[in-house]
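One structure is given here, and the rest of the page talks about it.
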Number of protein chains: 2
Amino acid sequence: MPRLKGADRRTLILEAAERTILRKGLAAATTRDVTSDLGVAAGLLAHYFTWSALRAAAFSHVIGADIERSVTGRMGEAPETVLADLVDGAFSVEADALWRLWLEATELGLSDALLAEAASAATDRWHESLSGLLARGQSAGAWTCPSPDESSWRIIAILLGLAGLCLIPGSPLSRDAATHHLRIAVRHECGTSA
Amino acid sequence: MPRLKGADRRTLILEAAERTILRKGLAAATTRDVTSDLGVAAGLLAHYFTWSALRAAAFSHVIGADIERSVTGRMGEAPETVLADLVDGAFSVEADALWRLWLEATELGLSDALLAEAASAATDRWHESLSGLLARGQSAGAWTCPSPDESSWRIIAILLGLAGLCLIPGSPLSRDAATHHLRIAVRHECGTSA
DNA sequence: CGCTCAATTGAGCAATCGCTCAACAAAGTC
DNA sequence: GACTTTGTTGAGCGATTGCTCAATTGAGCG
């Protein structure tokens with residue numbers, strides 16, 4: 001309701017959109033969810049964003065923040081610590097919403113060009129940061145990873161795959177089992193570690 | 001338009017639903033897509049199915065047929081042949097629609113109980129058939145797979161993960177690269193093979 | 001033929017969606 | 001204070017969805 005400069009309003013809307021997609025998912029979230037989160041009229045959103053563009057931007061922001069929090073922002077710490085935390089927290093309840101966003105971005109990307117681009121870019125960023133971590137651990141002697149670039153693709157794939165399996169309600173694969181499988185896969189890629 | 005016994009009509013509708021979800025995906029498919037595929041009035045579908053139930057049944061049927069075609073139905077062949085074909089065809093263009101169904105079933109399962117149940121059951125069937133194949137190759141001496149049950153979970157996970165990465169339009173991971181990564185992951189699980 | 005009842009029709013209901021637009025309100029400018 | 005610009009409102013449009021239901025058709029049967 002307060003009157004804001006355009007840039008500030010854009011920021012507020014983007015943040016509200018991030019909260020909304022984390023709560024309801026990319027597919028179920030609506031423009032009205034975002035505007036009612038802000039306590040603002042429905043028409044205001046279209047003045048600043050296309051829904052497709054806002055949704056893609058919110059996705060990019062949320063994923064980027066998570067990569068930063070879990071990998072990129074921990075350059076100073078020991079690679080083995082960062083990787084171990086990554087494995088331990090991968091399938092926690094709090095991570096569910098993020099995995100859901102990945103799945104939905106992949107699917108919606110098939111009919112939404114902006115989301116496809118965002119998903120592609122986010123995948124690149126993820127691969128880059130993870131392979132950077134693996135390379136760092138390799139040169140630090142924390143583990144043996146002959147090809148960080150390739151290994152990170154496989155680790156990302158098994159992360160996504162296990163996450164999808166865990167997300168299914170009444171899943172035959174428990175969170176603990178998924179973490180176990182991830183740990184073994186990481187061991188396959190990084191020799192003895194994690 | 002022809003008048004049919006209830007059971008036959010149910011079968012025709014189910015088959016049309018399978019064609020429809022393969023063509024448009026689980027989320028984009030509508031009841032009208034199915035009835036117009038059959039050249040039948042829109043109201044007829046609701047006389048035999050709930051959309052949620054029909055969609056879940058069509059998903060189960062499609063996935064079941066694929067598992068049968070690629071694994072269960074090839075019990076007579078050498079396990080290494082079956083596994084090699086599995087790897088080679090995993091990320092072919094024709095497989096895209098099936099992987100899309102998996103992704104969508106996971107996501108829609110979060111708000112559709114019938115689809116969640118179908119996805120959970122399909123996952124079980126898949127895990128069971130793949131771990132059976134791995135065990136068969138193990139006892140035949142085709143490879144060394146100490147725990148087929150666990151290995152099949154990891155292989156399923158990396159299959160799903162790589163498939164999702166390939167599905168993204170403009171994906172940073174090509175089909176060939178995905179096949180390569182899958183081959184290496186399978187090698188990790190089954191010793192020297194595939 | 002006449003009757004019954006299941007199969008089938010298709011207009012349309014109620015809800016939901018992103019987005020439009022005329023109207024209004026508050027700065028900013030001179 | 002007059003005027004322009006920009007932020008904001010909210011009713012509502014047009015399209016889409018699964019599903020309803022009164023009406024119609026036609027096969028089976030005595």
Side-chain angles (χ1 to χ4, degrees), chain A residues 1-18 20-21 23-59 104-105 107-116 118, chain B residues 1-18 20-21 23-59 104-105 107-116 118:
Chain A
M1 12 240 295
R3 202 182 169 80
L4 294 178
K5 290 237 165 121
D8 297 338
R9 179 60 78 192
R10 288 183 71 89
T11 303
L12 283 183
I13 293 180
L14 180 58
E15 289 170 353
E18 295 175 33
T20 302
I21 65 173
R23 200 182 60 234
K24 305 195 50 174
L26 284 171
T30 70
T31 57
R32 283 172 175 81
D33 288 331
V34 177
T35 53
S36 83
D37 173 295
L38 282 174
V40 131
L44 190 59
L45 192 147
H47 189 67
Y48 291 95
F49 296 96
T50 287
W51 177 229
S52 170
L54 177 59
R55 195 171 56 168
F59 170 78
E104 295 187 313
E107 183 213 328
L108 295 176
L110 296 173
S111 57
D112 183 323
L114 293 178
L115 211 37
Chain B
M1 15 235 307
R3 207 180 166 79
L4 294 179
K5 293 238 164 119
D8 297 337
R9 179 58 78 194
R10 287 182 71 89
T11 303
L12 284 184
I13 292 179
L14 179 58
E15 291 170 352
E18 295 175 32
T20 302
I21 65 174
R23 201 183 58 234
K24 304 193 51 173
L26 283 171
T30 69
T31 57
R32 283 171 176 82
D33 289 330
V34 176
T35 54
S36 83
D37 174 294
L38 283 173
V40 131
L44 191 59
L45 192 147
H47 190 65
Y48 292 95
F49 295 96
T50 286
W51 176 231
S52 170
L54 177 59
R55 195 171 54 169
F59 170 77
E104 295 187 312
E107 183 214 328
L108 294 176
L110 295 173
S111 57
D112 182 323
L114 295 178
L115 210 38

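Below, chain A is the first sequence line, B the second, and so on; all start at residue 1. No experiment lies behind these values; they were computed from the predicted model shown.
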Rounding to an integer number of Å, can you tell me how far [X] [atom1] sits from [N] [atom2]?
X      : N      : atom1 : atom2 : value
B/R9   : D/dA27 : CZ    : P     : 14 Å
B/L45  : D/dT17 : CG    : P     : 13 Å
B/K24  : D/dT16 : NZ    : P     : 10 Å
A/D112 : C/dG18 : CG    : C1'   : 13 Å
B/L12  : C/dA7  : CG    : P     : 13 Å
B/H47  : C/dG10 : NE2   : C1'   : 15 Å
B/L54  : D/dC19 : CG    : P     : 10 Å
A/R55  : C/dG18 : CZ    : C1'   : 11 Å

Check: Can you tell which of C/dC19, C/dT9, D/dT8 lies closest to the side chain of A/L44?
Finding: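 Shortest atom-to-atom distance from the side chain points to D/dT8.
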Next item on the list: State which of C/dC19, C/dT9, D/dT20 makes the closest approach to the side chain of A/A46.
Entry: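 Side chain of A/A46 sits closest to C/dC19.
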Next item on the list: For the pair A/E104 (side chain) and A/L26 (backbone), establish whether a donor and an acceptor sit closer than 3.5 Å, ignoring hydrogens and angles.
Entry: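 Checking the backbone N and O of A/L26 against the side chain of A/E104, a donor-acceptor pair under 3.5 Å is found.
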Notebook entry, point to check: Without hydrogens or angle criteria, can the side chains of B/T20 and B/D37 be said to hold a donor-acceptor pair below 3.5 Å?
Noted result: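 Result is no, nothing qualifies.
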Next item on the list: Taking atom types as modelled, find out whether B/T30 and B/D33 have a side-chain donor-acceptor pair closer than 3.5 angstrom.
Entry: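 There is such a pair between these side chains.
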Check: When you match B/G43 and B/A7 each to their closest nucleotide on DNA chain C, which lands nearer the 5' end?
Finding: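 Nearest nucleotide further toward 5': that of B/A7.
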Margin query: Quick check for you: to the nearest 0.5 Å, what is the distance between A/S52 atom OG and A/L108 atom CG?
Written below: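 Nearest 0.5 Å value for the OG-CG distance: 9.5 Å.
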Check: Between atom CG of A/L14 and atom CZ of A/R9, what is the distance when rounded to the nearest 0.5 Å?
Finding: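 With rounding to 0.5 Å, CG (A/L14) is 13.0 Å from CZ (A/R9).
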Next item on the list: Go ahead and name the base partner of D/dG12; Watson-Crick or wobble counts if both distances stay under 3.5 Å, otherwise write none.
Entry: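 Paired with C/dC19.
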Next item on the list: Report which part of the nucleic acid A/Y48 touches: base, sugar-phosphate, or nothing (heavy-atom distance under 4.0 Å, all strands).
Entry: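 The answer is sugar-phosphate, as A/Y48 gets under 4.0 Å only of primed atoms, P, OP1 or OP2.
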Check: So what does B/T50 touch, heavy atoms closer than 4.0 Å: a base, only the sugar-phosphate, or nothing?
Finding: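 Since only primed, P, OP1 and OP2 atoms lie under 4.0 Å of B/T50, the category is sugar-phosphate.
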Next item on the list: Output the residues of residues 26-33 of chain B in contact with DNA chain D, where contact means a heavy atom of the residue under 4.0 Å from an atom of the strand; sort by number or write none.
Entry: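 By residue number: B/A29, B/T30, B/T31, B/R32.
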Note to self: Do A/V34 and A/W51 make a side-chain contact, defined as non-hydrogen atoms from C-beta onward lying under 4.5 Å apart?
What the structure shows: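 Yes, at least one pair of side-chain atoms sits under 4.5 Å.
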Check: Under 4.0 Å between a Lys/Arg side-chain N and an Asp/Glu carboxylate O for B/D112 and B/R55?
Finding: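 Yes, this pair counts.
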